[in-house]
Amino acid sequence: MFTKFEKKSARVKGLSFHPKRPWILASLLNGDIQLWDYQMGTLIDKFENEHDGPVRGIDFHKQQPLFVSGGDDYKIKVWNYNLKRCLFTLLGHLDYIRTTFFHHTCPWILSASDDCTIRIWNWQSRTQVCLLNGHNHYVMCAQFHPSEDLVVSASLDQTVRVWDISSLKKEYPSPGAVEYTLRGNSGPDLFVPSGPVVKYVLEGHDCGVNWAAFHPSLPLIVSGADDRQVKIWRMNESMAWVLDTCCGHYDNVSSVVFYPHQELILSVSEDKSIRVWDMAKKVAVQTFRNDHHGCFWVITAHPNLNLFAVGHDNGMLVFKLERERPAYAVYGNMLYYVKDHFLRRLNFNTSKDTSIMQLRSGSKFPVFNMSYNHAENAVLLCTRATTPEGSIYDLYSIPKESDSQNPNTSQGQRSSGLTAVWVTGNRFAVLDHMQSLLIKNLRNEIVKMVPVPGCKEIFYAGMGSLLLLRDVDGIKLFDVQQKCSLATVKIANVKYVVWSADSSHVALLAEHNIMICNRKLKSLCNIHEKIRVKSGAWDESGVFIYTTSNHIKYALTSGDHGIIKTLDLTIYVTRVTGNSVYCLDRECRPCILKIDPTEYRFKLALVNRKHEEVLHMVRNAELVGQSIIAYLQKKGYPDVALHFVKDEKTRFSLALECGNIEVALEAAKTLSECGCWERLGEAALLQGHYQVVEMCYKKTKNYNKLTLLYLITGNLAKLRKIMKEGNIRKDMSGHYQAALCLGDVSERVRILKDCGQKSLAYLTAATHGMDEEAEALKETFDLEKETLPDVDSNAQLLQPPPPINPMNTNWPLRKVSKGFFEGDITVKGKAGQMAADLNIDSPGEGWGDDMELQDEDNYMDAKDGFEVEVGVVKEEGRGWEVVEDLDLPPELDIPAII
């Protein structure tokens, strides 16, 4: 019994599996209803404050997004889990409601109550269909037959009753049967009873019966009672009788169910145990007990999967009864696997699947794992029992020629041992229950014994004398010949080991972890998964492809990982080639799934610096999505991410991050947001893009910065415009500042006079030799009330010097290191590429007479990730002369450009 999911909570009184999704409903003694995802181990929803008191009955509808609950408040409630609310309440019972179940086809609900009645309700019309009277004590359980018109009920009156409800379908037809009823004879049938009738009363228990259930396909009923017995009943058309009794529980049996996938019965009891009964032998074949869980109250089996759930005093558990992972081994183009006591071989190239050998019988446990030896064409099949002493392995030699219609039967050589794996071509190692490593030959004879204290499992480590040993601390690489450990890595509870084709890397698979190591067990990355890891295989490019319960995923040795495909059913990967994943399902059926490997190949190319491959994928636009963009940003490739982005905001941010002012400008124009223009202005100023900076300041109406920009570039004409606009805007501060930068004294005097600053206006005029204006201002002073300021005779004129070389174009641009991708992806033509390489901006549309360069300026460039100095140039006549010609790549032929 393998625990798949466990949750602590208040006492669980009812459980129900969803037929299609990995969900389970739990109804609790405290009145809550919880909806859990048992694969993810997460609480999906919680339904509270609707029932007053414990909720005992709970059931999912098979097709609709509904579930029904029944509680100690005498209420039946129907819920829609998509809407997350109760739709309506059915009232009628007069005591606690023990169970509630949906009918598999009709719109009916069946409820059992302590008021000694069973009721059937129509959940569509929200009315009671009928009342089943007959029990004279609490009715603890009532269930519909999965295919026939029958109901079984269990009561504390020590009886199990079977009811025939076939007459209800005529009286209350389903919507699809209305037309048939109208066409047929509508007269009463005198020989058909008017309502449900008791077909059988099963008496045999000595105490009250707590549970009864139908077999999904056979005419059998199972019941559990306070007499600590589990009884199997058989029925036919005329009678029903006790077939067998299973004894073993030593307290009340709370719930019992037929296991739909095997001939087994599962029961839970207040003796704090779960028991599994063999229907043929009528004995308990397995018992699960844990005092921490307390008493068990309810058990239910999944209708389709190998799962069952139990509710106890402190929560619930989800189990599966047996290991479903098929035993298989891959060598070259061949897959060897075990199915139905046969060893089969699948050719990956031809898809030919043949049965090559019938295996020896005698073990009731499935094959745990397989180890294949291509040199001797032999296999080791290990079978793991419940105890280490009962575990065995079989050594088989595969026949060279086999008839698929009549495969050879081989008895093999069987011995005890936990695990057996091949070490060399003619030697294999066996881990026995005494924690010793036995080296055996092909005749199954011991040739060496090596004690390995603390070893829990052994794994293949490549042909030679090496093995991987698992202990409580992790995995160690062990040399059998030298009897010493060569390397150790810490990872808990490794279950599977998968080597790459060249044995350069190994993936260690634990329940929720994957560790990828090199040949010497040096850890390269560690990946944690919330859902259980199931299997894995290496593809030809060195990427590890693995599966969880519901996904196919990938992992790179660098640690990058992600989802490739979502799965409906669990599969086990055997081989990955191109975009094909070869796998086995839980029924051991080979299948091929198609995947899209673009994402992980793209990341692998980036990690391995295969720039041409990355460039090809970018140009063909094979990748999109925010995850790729975020990945490229994280890895330092914003220039590559820029070419995937459709969202303008993201595009703008990426362009600024990689210094692409042109793309950022296009995005800013589209967005037209003040914040974007501010950020673009700051970035453009750092790079020296004068015209972009000017545009950004105009867009944000930042006249102070615009004034400073025109001042430092010597653009006096535009500075005068700023001064005039300041006057129009009534911005006296900006107006005065522009006049000060221009050295316009008369304008400054006028501004001060308009502001009422007569003293400052008089001083400005007098200091700068404007005698007439100063005298005119002097006359406006009332000398009796106002003081005329004294003019400093030593004052010097404040006049800004005229610009030597006014600048209307970009100043020498700041060098921006460009990588391989930015240089190659944005190619628009040879001339445009050269312009981008040289980082030269021009006010015109292209190269020619409009190009202006500063004398003796240095220009830098970055090509293929390295920086080169293009050259030092000086003006000579009408053209340009290269003063220093550097050793440059052919594509940067500077003399040709000049």
Side-chain angles (χ1 to χ4, degrees), residues 13-21 23-27 31 33-35 45 47 49-52 54-115 117-133 139 141-153 163-178 181 195-196 213-214 300 303:
K13 300 296 290 183
L15 290 168
S16 178
F17 279 108
H18 194 283
K20 297 178 182 178
R21 299 183 180 180
W23 293 355
I24 187 168
L25 273 171
S27 58
I33 299 171
Q34 296 177 347
L35 177 59
D45 217 330
F47 306 90
N49 305 322
E50 286 285 348
H51 280 286
D52 298 325
V55 181
R56 304 176 190 273
I58 198 80
D59 189 38
F60 269 118
H61 195 278
K62 304 303 182 287
Q63 289 88 27
Q64 301 296 324
L66 304 174
F67 68 88
V68 61
S69 63
D72 285 4
D73 55 1
Y74 317 162
K75 296 176 182 177
I76 297 171
K77 291 181 177 288
V78 176
W79 309 72
N80 186 308
Y81 54 74
N82 286 342
L83 301 177
K84 301 181 180 181
R85 64 182 179 88
C86 175
L87 300 180
F88 55 89
T89 302
L90 300 173
L91 300 174
H93 279 294
L94 305 176
D95 208 336
Y96 296 171
I97 297 171
R98 294 287 179 170
T99 61
T100 52
F101 290 100
F102 281 108
H103 194 274
H104 50 283
T105 56
C106 298
W108 294 346
I109 293 171
L110 181 68
S111 60
S113 172
D114 284 1
D115 63 6
T117 67
I118 304 162
R119 297 172 191 254
I120 298 178
W121 314 78
N122 188 313
W123 58 264
Q124 288 181 340
S125 63
R126 306 180 186 183
T127 58
Q128 180 176 300
V129 174
C130 70
L131 176 69
L132 281 66
N133 279 311
V139 182
C141 170
Q143 298 190 54
F144 288 113
H145 192 283
S147 58
E148 299 180 23
D149 297 328
L150 299 174
V151 168
V152 65
S153 60
W163 309 75
D164 186 343
I165 59 169
S166 57
S167 60
L168 288 181
K169 284 195 174 180
K170 295 183 178 180
E171 189 174 353
Y172 301 96
S174 60
V178 172
T181 305
F214 287 111
T300 185

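Start at 1 with the first residue, then count along the sequence. On a predicted model such as this, the values are computed, not experimentally measured, just so you know. What's counted below: heavy atoms across the whole structure, side chains too, no hydrogens, waters or symmetry copies.
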Should Asp73 and Lys77 count as an ion pair when the cut-off is N to O under 4.0 Å? no
How far apart are the C-alpha atoms of Lys75 and Thr89, what are their side-chain angles, what is the distance that settles it, and do they pass the side chain to side chain donor-acceptor pair (under 3.5 Å) test? CA-CA 7 Å; Lys75 296 176 182 177; Thr89 302; over 6 Å; no
Determine whether the aromatic ring centres of His93 and Tyr74 lie less than 6.0 Å apart. no
Closest non-hydrogen contact found for Ser111 with Thr100 is CB-CG2, 4.2 Å
Please walk me through it: do Phe47 and Trp79 pass ring pair (Phe, Tyr, Trp, His ring centres under 6.0 Å)? CA-CA 10 Å; Phe47 306 90; Trp79 309 72; 5.3 Å; yes
Heavy-atom distance under 4.5 Å between the side chains of Phe101 and Ile109, does that happen here? no
Working to the nearest 0.5 angstrom, can you tell me the gap between Leu25 CG and Ile58 CD1? 5.0 Å
Start with the C-alpha gap between Ile33 and Phe67, add the side-chain angles, then the distance that decides, and say whether side chain to side chain contact (heavy atoms under 4.5 Å, CB included) holds. CA-CA 11 Å; Ile33 299 171; Phe67 68 88; 4.1 Å; yes
For the pair His18 and Tyr81, name the ring-plane relationship: parallel under 30°, tilted 30 to 60°, perpendicular over 60°. perpendicular
Under the side-chain hydrogen bond (donor to acceptor under 3.5 Å, both in side chains) test against Asp72, which residue among Arg98, His51, Arg56, Lys13 passes? Arg56
Spatial distance of atom CG (Asp59) from atom CZ (Phe102) [nearest 0.5 Å]: 6.5 Å
Does Asp115 use its side chain to pair, donor to acceptor, with the backbone of Leu94 at less than 3.5 Å? yes
Any donor-acceptor pair under 3.5 Å linking the side chain of Ser113 with the backbone of Asp95? yes
Within the supplied structure, the quantity of interest is the number of heavy atoms (other residues, nucleotides, ligands) at a distance under 6.0 Å from Lys20 NZ; does it exceed 12? no
d(Leu132 CG, Ser153 OG) to nearest 0.5 Å is 7.5 Å
Assess whether side chain to side chain contact (heavy atoms under 4.5 Å, CB included) is satisfied between Leu168 and Val129, documenting all intermediate values. CA-CA 8 Å; Leu168 288 181; Val129 174; 4.0 Å; yes
Looking at every non-hydrogen atom in both residues, tell me the closest pair between Ile118 and Ala142 and how far apart they are. CG2-CB, 4.0 Å
Between Ser166 and Asp149, is there a donor-acceptor pair closer than 3.5 Å when you use the side chain of the first and the backbone of the second? no
Side chain to side chain donor-acceptor pair (under 3.5 Å) assessment of Thr127 paired with Trp121: CA-CA 6 Å; Thr127 58; Trp121 314 78; over 6 Å; no
Going from CD1 on Ile24 to CD on Gln34, what distance comes out if it is rounded to the nearest 0.5 angstrom? 11.0 Å
Nearest non-hydrogen partners of Phe144 and Ile165, listed with the distance: CE2-CD1, 3.8 Å
Side chains of Ile97 and Ile76 in contact at under 4.5 Å (non-hydrogen atoms): yes
Where is the tightest heavy-atom contact between Phe214 and Leu150, given as atom of each residue plus distance? CZ-CB, 3.9 Å
Around atom OH of Tyr96, are there more than 12 heavy atoms from other residues, nucleotides or ligands closer than 6.0 Å? no
Out of curiosity, Lys84 NZ to Asp45 CG, how far, rounded to the nearest 0.5 Å? 5.0 Å
On a heavy-atom basis, which atom in Thr300 and which in Ser16 lie closest, and how many Å separate them? CG2-N, 4.4 Å
Backbone N or O of Gly14 within a donor-acceptor pair of the Ser27 side chain at under 3.5 Å? yes
Rounded distance [0.5 Å steps], CG in Asn122 versus CD in Gln124: 5.5 Å
Considering all heavy atoms, the nearest Cys141-Thr99 contact: CA-OG1, 3.7 Å
Could you please spell out the steps behind the side chain to side chain contact (heavy atoms under 4.5 Å, CB included) verdict for Leu35 and Phe60? CA-CA 11 Å; Leu35 177 59; Phe60 269 118; 3.6 Å; yes
